[in-house]
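Below, chain A is the first sequence line, B the second, and so on; all start at residue 1.
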There are 2 protein chains.
Amino acid sequence: MPHLGPLRCRTWAALLGQLLRPPRTVCNRAVGCHSQGTRDLSPQQMVVREKILDKIISCFKRHGAKGLDTPAFELKEMLTEKYEDNFGLMYDLEDQGGELLSLRYDLTVPFARYLAMNKLKRMKRYQVGKVWRRESPAIVQGRYREFCQCDFDIAGEFDPMIPDAECLRIMCEILSGLQLGDFLIKVNDRRVVDGMFAVCGVPESKFRTICSSMDKLDKMSWEDVRLEMVAGKGLAPEVADRIGDYVQCHGGISLVEELFKDPRLSQSQLALQGLGDLKLLFEYLRLFGIADKISLDLSLARGLDYYTGVIYEAVLLESPAQAGKETLNVGSVAAGGRYDRLVAQFDPKGHSVPCVGLSIGVERIFYLVEQKMKISCEKVRTTETQVFVATPQKNFLQERLKIIAQLWDAGIKAEMLYKNNPKLLTQLHYCEKEDIPLMVIIGEQEQNEGVVKLRSVASREEVTVNRESLVAEIQKRLSES
Amino acid sequence: MPHLGPLRCRTWAALLGQLLRPPRTVCNRAVGCHSQGTRDLSPQQMVVREKILDKIISCFKRHGAKGLDTPAFELKEMLTEKYEDNFGLMYDLEDQGGELLSLRYDLTVPFARYLAMNKLKRMKRYQVGKVWRRESPAIVQGRYREFCQCDFDIAGEFDPMIPDAECLRIMCEILSGLQLGDFLIKVNDRRVVDGMFAVCGVPESKFRTICSSMDKLDKMSWEDVRLEMVAGKGLAPEVADRIGDYVQCHGGISLVEELFKDPRLSQSQLALQGLGDLKLLFEYLRLFGIADKISLDLSLARGLDYYTGVIYEAVLLESPAQAGKETLNVGSVAAGGRYDRLVAQFDPKGHSVPCVGLSIGVERIFYLVEQKMKISCEKVRTTETQVFVATPQKNFLQERLKIIAQLWDAGIKAEMLYKNNPKLLTQLHYCEKEDIPLMVIIGEQEQNEGVVKLRSVASREEVTVNRESLVAEIQKRLSES
């Protein structure tokens with residue numbers, strides 16, 4: 001994949017709004033259609049998605065993660081109180097006999113449930129799977145209600161910030177590897193957020209709901225978020241304004257040092273703890289060679305209720321050529337953080353297992369790569385067929401069936417038309433359309449001589465091959481190409 | 001994987017009942033647990049499952065199939081009337097705003113909906129995904145409520161029985177490839193079933209419900225099925241007895257020939273059509289080299305309502321050594337058939353696209369392979385980590401972080417302990433436990449000399465390597481192993 005030039009990047013950014021909107025399906029009762037906010041993935045899309053998932057999973061494995069799978073739905077009570085304001089976005093199943101179930105909202109809560117249920121004290125796992133959120137497509141553009149998440153998490157009691165730094169390193173490896181253009185990872189710490197709220201004068205009972213308002217800063221302006229805090233959630237205007245001053249702050253390790261000395265913020269022990277860890281984190285990020293990709297951003301809040309420490313979110317940027325102007329946030333493509341108290345909620349004795357992890361928003365990445373391929377007219381093969389078995393004459397079905405069985409027996413990927421007497425032209429067209437490299441052709445003359453013709457579809461060259469040496473000849477050709 | 005001997009096969013058969021039963025989870029409200037009939041897949045299980053899925057998907061690709069993905073839930077109205085008596089087994093979602101949704105029950109109906117929605121007249125596709133059925137674990141042993149299906153289907157108007165024969169060929173390739181012991185594929189034809197019902201005197205209105213009773217013959221005795229037909233569904237006893245004569249019949253191409261001459265069955269034009277196609281099918285199966293694996297079985301009905309022609313079901317058998325006794329059916333592991341009128345139900349103009357396909361019951365296969373591995377004590381690596389970065393001394397975190405980043409940069413799969421000062425023994429144990437082949441060790445002396453030690457965990461041999469040539473040396477070692 002070529003690296004994106006500035007112009008292309010800008011085109012993308014403009015396209016994104018339209019691209020990420022789910023198509024409106026008007027469903028006629030007699031016509032097949034699917035539920036609002038969901039979609040099918042066509043063979044072309046599947047090829048693109050598999051390439052992306054392969055790269056992501058390879059990275060997770062490079063970092064020693066084990067695979068895990070959990071059910072699509074969980075007991076509703078397992079999911080309650082984990083998602084704060086977003087609880088209403090869950091898909092509940094109908095109660096059909098006492099069990100109240102909901103489709104999973106993310107892969108983090110099921111992972112925590114798995115750890116507690118199996119009394120596991122440490123685990124480095126990845127999981128790739130669908131999650132479901134009933135977000136209104138009208139409010140949140142570019143989000144499907146069913147979407148795929150790729151999660152990597154490290155559970156266990158370790159020394160501070162080492163696993164956290166690895167999570168950020170993984171995000172960088174994946175985003176660089178997918179060549180989506182320049183990106184930035186914003187980091188913050190929940191303790192810094194809470195400390196900031198405390199010193200600004202937010203009542204403790206409002207911490208979580210104000211946090212979830214602040215989380216909307218990537219989709220709404222500060223003015224709108226402020227209005228929600230003040231008019232919607234009853235926050236005093238001067239408190240909101242104090243928050244407003246902090247949410248402007250972003251920078252690297254030097255901002256951490258500055259904030260240590262901030263007269264207001266340094267009054268919060270909690271904030272100081274968070275800042276201490278952020279300082280250590282930046283040191284590890286430097287050793288990992290990724291410090292330039294990470295920016296402390298006090299406006300970052302992360303909506304999910306379970307985070308307790310470092311939080312982060314990766315956004316794609318316009319290319320450096322546009323750096324003079326305001327950088328355009330084309331949306332979060334990966335996010336995560338530390339959640340040290342979630343496992344304890346599922347453990348009968350309340351034993352805790354500290355965790356940190358990340359989630360790759362593969363749907364947005366998927367669309368970007370798909371569009372990039374459309375723009376560059378890159379052709380995608382949707383099958384892997386190596387050989388097509390054809391005939392120019394009538395009544396050669398039996399021989400075709402015998403030959404193709406011989407190829408399948410040898411593990412060769414082979415197709416033929418399901419017709420008794422297909423036209424040669426139709427067969428040739430099929431090979432060209434599907435980009436099949438080789439054709440085996442059997443006719444009366446070949447049949448009489450115990451041979452077949454082996455044709456290269458691209459060069460149109462044909463050679464005559466003995467039936468017995470056909471498999472070997474094909475395998476030789478395929479290994480050469 | 002070794003081929004199974006007779007004794008082992010028998011052990012399996014006995015184990016199956018227990019193995020396939022979902023574990024009973026008693027859920028305490030304070031404890032994490034999952035919904036009845038569902039389960040997590042541990043890292044060990046994920047490795048086994050991925051190996052099996054890889055083999056199945058490879059086979060589908062060998063036959064030229066394209067990938068497809070559809071949402072987990074469909075509009076409820078899309079699913080109604082497709083599953084006859086099984087409709088109550090669907091997981092419905094709560095109506096939260098006008099759309100009535102259900103989790104998909106199989107991958108066939110969504111495929112038909114996809115074809116109609118996109119006006120596709122032909123397609124060879126595979127899909128691997130979860131489906132959900134609210135079957136009572138108490139009634140149907142060995143079935144989970146959430147399970148994975150692997151489907152391959154051929155849609156399009158073709159000459160008779162050519163795609164159907166390929167579907168059976170695929171089932172044979174997969175079951176042979178997975179080395180699950182001997183298997184048999186039962187075939188029948190819905191038209192033969194319906195013709196048989198007609199000539200036996202079943203009222204047409206009862207065809208589908210009697211069909212679904214007959215489908216239970218693999219789980220219930222004929223006596224119990226007969227009772228359900230007569231007492232439960234009001235069928236005349238003599239009609240049931242006539243059916244009882246036919247359901248005993250099974251055999252190869254010669255049985256097809258015999259049934260053509262059967263005085264009663266040959267009165268049905270529908271049955272004769274089905275028999276004609278079965279005759280052609282057996283001819284193609286012979287050319288494909290798999291006729292000995294296929295048996296016409298008049299008791300085979302397939303419960304799903306959408307089948308219109310050939311139907312089939314693969315069962316694992318006890319080994320040939322047990323052939324004198326009654327062969328024990330250890331359960332259906334793959335099934336499918338022809339459904340020519342399903343797509344039309346989703347098309348606004350009622351245009352039909354004939355289809356034939358198969359579904360691999362991967363959960364049962366998965367358990368068998370897992371048990372086989374347990375019996376043979378085969379060890380499974382759950383990570384792919386190639387190198388572990390260790391230190392025997394304190395205060396070497398920074399160097400370890402630098403070295404591991406260098407390895408990750410080179411695409412090498414590497415891990416380290418997330419401790420500032422881990423003990424060397426703990427690090428060695430981790431490598432042995434996780435079967436990591438190589439260790440990079442950095443200490444004070446190495447640091448001073450600009451080198452590291454590279455240790456083979458198995459042989460315990462250590463060599464000294466320059467830091468600059470470390471990546472190249474590791475890549476050389478890995479390519480040799």
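When all heavy atoms of B:Phe158 and B:Pro163 are compared, the closest pair comes out as CD1-CG, 4.1 Å.
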B:Arg125 vs B:Tyr114, side-chain contact (heavy atoms from CB on, under 4.5 Å): CA-CA, chis, key distance, verdict: CA-CA 11 Å; B:Arg125 86 88 181 78; B:Tyr114 177 81; over 6 Å; no
Please lay out, stage by stage, how B:Arg134 and A:Glu94 fare under the test salt bridge (charged side-chain N to carboxylate O under 4.0 Å, His left out). CA-CA 12 Å; B:Arg134 286 181 45 82; A:Glu94 257 182 26; over 6 Å; no
Trace of the side-chain contact (heavy atoms from CB on, under 4.5 Å) decision for A:Asp40 with B:Arg113: CA-CA 10 Å; A:Asp40 302 310; B:Arg113 193 260 310 141; 2.7 Å; yes
Quick one: do A:Arg39 and A:Glu363 satisfy side-chain contact (heavy atoms from CB on, under 4.5 Å)? Show the steps, please. CA-CA 12 Å; A:Arg39 59 170 173 166; A:Glu363 304 293 336; 2.3 Å; yes
Under the side-chain contact (heavy atoms from CB on, under 4.5 Å) criterion, do B:Leu280 and B:Asp164 qualify, and how do the steps go? CA-CA 10 Å; B:Leu280 195 59; B:Asp164 312 59; over 6 Å; no
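Between A:Trp132 and B:Trp132, the ring-plane angle classifies as perpendicular under the 30° and 60° cut-offs. Ring geometry, B:Tyr126 versus B:Phe60: the interplanar angle falls from 30° to 60°, so the pair is classed tilted. Taking the six-membered ring where the residue is Trp, A:Phe73 and B:Tyr91 present tilted rings, their angle falling between 30° and 60°.
When heavy atoms are compared at a cutoff of 4.5 Å, B:Glu74 approaches chain A solely by way of its side chain, counted from C-beta outward. Neither the backbone nor the side chain of B:Met161 comes within less than 4.5 Å of any heavy atom of chain A. At a 4.5 Å heavy-atom cutoff, the contact between A:Leu101 and chain B is made by side-chain atoms alone. Residue contact with chain B, scored on non-hydrogen atoms closer than 4.5 Å, involves the side chain of A:Ile404 exclusively. If you measure heavy-atom distances from A:Arg49 to chain B, the contacts under 4.5 Å come from the side chain alone. With a threshold of 4.5 angstrom between heavy atoms, B:Phe388 does not approach chain A through any atom at all. Using a 4.5 Å cut-off between heavy atoms, B:Lys130 touches chain A through its side chain atoms alone. Contacts of B:Arg381 with chain A are absent, with no heavy-atom separation under 4.5 Å from either backbone or side chain. Only the side chain of A:Glu173 comes within less than 4.5 Å of a heavy atom in chain B; its backbone stays farther off. Neither the backbone nor the side chain of B:Ala165 comes within contact range of chain A, judged by heavy atoms closer than 4.5 Å. With a threshold of 4.5 angstrom between heavy atoms, A:Gln386 does not approach chain B through any atom at all. Neither the backbone nor the side chain of B:Gln44 comes within contact range of chain A; no heavy atom of the residue lies under 4.5 Å from a heavy atom of that chain. In this structure, chain A has a heavy atom under 4.5 Å from the backbone of B:Glu157, while its side chain stays farther away. Neither the backbone nor the side chain of B:Leu115 comes within contact range of chain A; no heavy atoms are under 4.5 Å apart. Contact of B:Glu399 with chain A is not made at all, since no heavy-atom distance falls under 4.5 Å.
Of the possible donor and acceptor atoms, one in the side chain of A:Trp408 sits under 3.5 Å from a partner among the backbone N and O of A:Ala414. Between the side chain of B:Glu146 and the backbone N or O of A:Ala72, at least one donor-acceptor pair lies under 3.5 Å. Side-chain atoms of B:Arg169 come within 3.5 Å of backbone N or O of B:Phe288 as a donor-acceptor pair. Checking side-chain atoms of A:Arg400 against main-chain N and O of A:Asn420 turns up a donor-acceptor pair under 3.5 Å.
Listed options B:Thr383, B:Leu407, B:Ile162, B:Asp69 were ranked by heavy-atom pairs under 4.5 angstrom with chain A; first place goes to B:Asp69. Ranked by non-hydrogen atom pairs under 4.5 Å with chain A, the options B:Leu397, B:Leu401, B:Thr70 are led by B:Leu401. Contacts with chain B were tallied for A:Asp159, A:Asp409, A:Ile436, A:Ile290; A:Asp159 has the most, counting heavy-atom pairs under 4.5 Å. For the set A:Met416, A:Gln398, A:Gln45, the entry with the most heavy-atom pairs within less than 4.5 Å of chain B is A:Gln398. Top candidate by heavy-atom pairs under 4.5 Å with chain B, chosen from A:Thr385, A:Thr382, A:Val47, is A:Thr382. Comparing B:Gly411, B:Ala405, B:Gly156 by how many heavy-atom pairs each has under 4.5 Å with chain A, the most go to B:Ala405. Counting heavy-atom pairs closer than 4.5 Å to chain A, the top-ranked of the candidates B:Ser176, B:Gly64, B:Ala112, B:Pro71 is B:Pro71. Residue with the most contacts toward chain B among A:Lys402, A:Lys419, A:His63: A:His63 (heavy-atom pairs, distance under 4.5 Å). The residue among A:Glu166, A:Glu283, A:Lys349 with the most heavy atom pairs within less than 4.5 Å of chain B is A:Glu166. Annotation: maximal heavy-atom pairing with chain A below 4.5 Å, among B:Gly67, B:Ser42, B:Cys59, occurs at B:Gly67. Listed options B:Glu50, B:Gln406, B:Glu384 were ranked by heavy-atom pairs under 4.5 angstrom with chain A; first place goes to B:Glu384.
The closest side-chain heavy-atom distance from A:Asp92 to A:Leu100 is not below 4.5 Å.
A salt bridge is absent between A:Glu434 and B:Lys124: the closest approach of a Lys/Arg side-chain nitrogen to an acidic carboxylate oxygen does not fall below 4.0 angstrom.
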